[in-house]
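When a ligand or atom number is given, it counts from 1 through the structure's own listing order.
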Amino acid sequence: MASKLVFLIVAVVAAAAPPFAAVADYVRPPPRPIIRSSLSSLPPSSPQQVHISLAGANHMRISWITMDETSPSLVVYGTSPNIYTSKAQGESTSYHYLTYRSGTIHHTVIGPLLDSTNYFYKCSGVGPEFQLRTPPSKFPVTLAVSGDLGQSGWTKSTLDHMAQCQHDLLLLPGDLSYADFLQPGWDSFGQLVQPQASARAWMVTQGNHDVEHIPVLKRGFIAYNARWKMPYQESGSSSNLFYSFDVAGIHVLMLGSYTDYDVNSDQYMWLKGDLAKVNRGKTPWIIAVLHVPWYNSNTAHQGEGDDMMAAMEPLLHAAAVDVMFTGHVHAYERTKRVFNGKSDPCGFVHITIGDGGNREGLASRYKEQPEWSVFREASFGHGVFNVVNASHAFWSWHRNDDDEPVMSDKVWINSLSGSRCPAKMKKKLRKLLLAP
Ligand SMILES: *[C@@H]1O[C@H](CO)[C@@H](O)[C@H](O)[C@H]1NC(C)=O
Ligand SMILES: [Fe+2]
């Protein structure tokens, strides 16, 4: 009887508890099994692992794999189902990795394309038909963001939630497949993400799990570069590991944490040239995306971003970047505008969102919360960056609460383009851009 009474009191108190108590009591989910999409039942000429990316103004790159060598790198497309008024021929590649031999990896650029338009397309000239939507050329524009995806049951949950949210494009700050040297894992990842990645541009940068370097035997990024070709040539970069692109009025810098970044590196030289060309009137927003966070109060991966931050933060700060999205830490954290280790009204907001749902699980231990850290939580989920106009963007983070997406953090972010900051830092930027 007494125990029943205690149970009743606990139940009543729990039901009446305000939402923040519910968040604190949120039970971290256990790992969910790995999903390995089966590809063996497909005929060799059947296009698989279809994904798309932006490839310069008004163009998109369609990437897919066939298991035969004879299928053409041909995409037929048009704005009505089953009526293909245009076609484009692309290129193909393949690679060996120890005993593994990849299928034929096709990359074909299509365009010029209309903005905010649905296109229907077929790869290698055969079925099935896929459908994509091009991003808008003006605000509003909505970017989904999710890092460290992997291919667990939680990944599936995150992908389902992203599919439900209206977005124009996905930013992925590194760690895609978690194949970790076992190459068929890249194929099953490609097939798992196909429903979303064949419909909206997936713009990715690399994480540590994408390196797969074996000393003496295999250089890094063999699978990543062959499969996830990004518009680096289109943006004047010499490497698939760093590039930039414009979408609506946003200039997006996709940077590499696992390639050289010191002030004499190719990446830094390219970044200077890229920033020198930014016209804030045309792209009022500047976003940077990379894998290893610079501001992180989780105990996981402490200090790993320090060297890159020392090399690049002054330049990105002087360029008045608005937001930086990172992954690596399997949790969510948002900062105030920061620079040089502390809050700064002309610094940028850092958002760590390495909580896509990979098999390694969550990073749930934190250091004492620094003054610059606003919100942090170790749960799987995804983010949505809705840029309403030149000055305002609404950021929200959606936790996978069991299998429901629940908006847990949200904030309006103002672009620095309308502030005093760019003028204030103009001299500093010039000096950094002109430095040899
Ligand atoms: C931009 O959007 C915000 C939020 O909706 C709004 O308050 C503001 O007036 C808009 N600015 C312009 C110039 O339309
Ligand atoms: Fe990582």
Side-chain angles (χ1 to χ4, degrees), residues 136 138-143 145-152 154-155 158 166 171-181 185-186 189 204-213 220-221 223-224 228 241 248-250 254-259 261 280-285 289-296 298-309 322-333 350-365 378 380-382 384-396 410-419:
K138 294 195 184 79
F139 300 122
V141 61
T142 304
L143 315 182
V145 192
S146 182
D148 303 67
L149 266 182
Q151 40 194 320
S152 76
W154 286 109
T155 312
T158 303
Q166 295 289 325
L171 296 176
L172 202 172
D175 280 359
L176 281 63
S177 72
Y178 284 74
D180 295 329
F181 305 96
W186 281 101
F189 176 77
V204 307
T205 189
Q206 84 279 13
N208 50 311
H209 287 269
D210 307 312
V211 184
E212 301 183 310
H213 171 240
F221 300 112
Y224 176 84
W228 291 84
L241 303 178
I250 311 174
M254 302 295 287
L255 304 177
S257 296
Y258 295 94
T259 185
Y261 43 67
R280 220 55 193 263
K282 192 167 150 263
T283 54
W285 291 85
V289 182
L290 52 80
H291 191 60
V292 182
W294 296 354
Y295 289 81
N296 159 36
N298 195 290
T299 57
H301 303 301
Q302 262 308 315
E304 285 182 29
D306 288 359
D307 287 352
M308 189 177 190
M309 173 170 154
D322 290 299
V323 185
M324 176 177 273
F325 294 108
T326 63
H328 204 36
V329 175
H330 301 164
Y332 172 74
E333 181 159 17
H350 290 250
I351 292 173
T352 300
I353 187 155
D355 59 349
N358 68 76
R359 62 177 154 73
E360 292 178 346
L362 293 163
S364 17
R365 287 174 47 221
F380 296 123
H382 74 281
V384 180
F385 192 57
N386 180 12
V387 184
V388 177
N389 55 32
S391 58
H392 285 67
F394 186 72
W395 165 256
S396 55
K410 56 181 193 289
V411 66
W412 280 99
I413 297 175
N414 293 335
S415 166
L416 287 183
S417 61
S419 74

Q | Distance in Å, Gln206 CD paired with Tyr258 OH, rounded so as to fall on 0.5 Å steps | A |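 Interatomic distance, Gln206 CD to Tyr258 OH, rounded to 0.5 Å: 8.5 Å.
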
Q: With rounding to the nearest 0.5 Å, note down the distance linking OG in Ser364 to CG in Asn298.
A: 7.5 Å

Is there an N/O/S atom in [X] at a distance below 2.8 Å from the Fe ion (ligand 2)?
X	answer
His328	yes
His209	no
Asp148	no

Q. Are there protein heavy-atom neighbours of atom 9 (O) of ligand 1 below 4.0 Å?
A. no

Q) Counting only non-hydrogen atoms of the protein, does one fall under 4.0 Å from atom 13 (C) of ligand 1? A)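 No; the ligand atom in question lacks any protein heavy-atom contact below 4.0 Å.
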
For the backbone of [Y] and the side chain of [X], can you confirm whether one donor and one acceptor N or O come within less than 3.5 Å of each other?
X	Y	result
Thr155	Gly357	yes
Trp285	Asn389	yes
Asn358	Asp148	yes

Q. In Asp175, the N, O or S atom nearest to the Fe ion (ligand 2) is which?
A. OD2

Q: Tell me which protein heavy atom sits closest to atom 7 (O) of ligand 1, plus the residue, atom name and distance to 0.1 Å.
A: His392 NE2, 4.3 Å

Q: Measure the distance from atom 1 (C) of ligand 1 to every protein heavy atom, then report the residue, atom name and distance (to 0.1 Å) of the closest one.
A: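 Ranking protein heavy atoms by distance from atom 1 (C) of ligand 1, first comes Asn389 ND2, 1.4 Å.
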
Q. Hey, does Val292 have a side-chain heavy atom less than 4.5 Å from the side chain of His301?
A.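 Heavy-atom side-chain distance check fails, nothing below 4.5 Å.
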
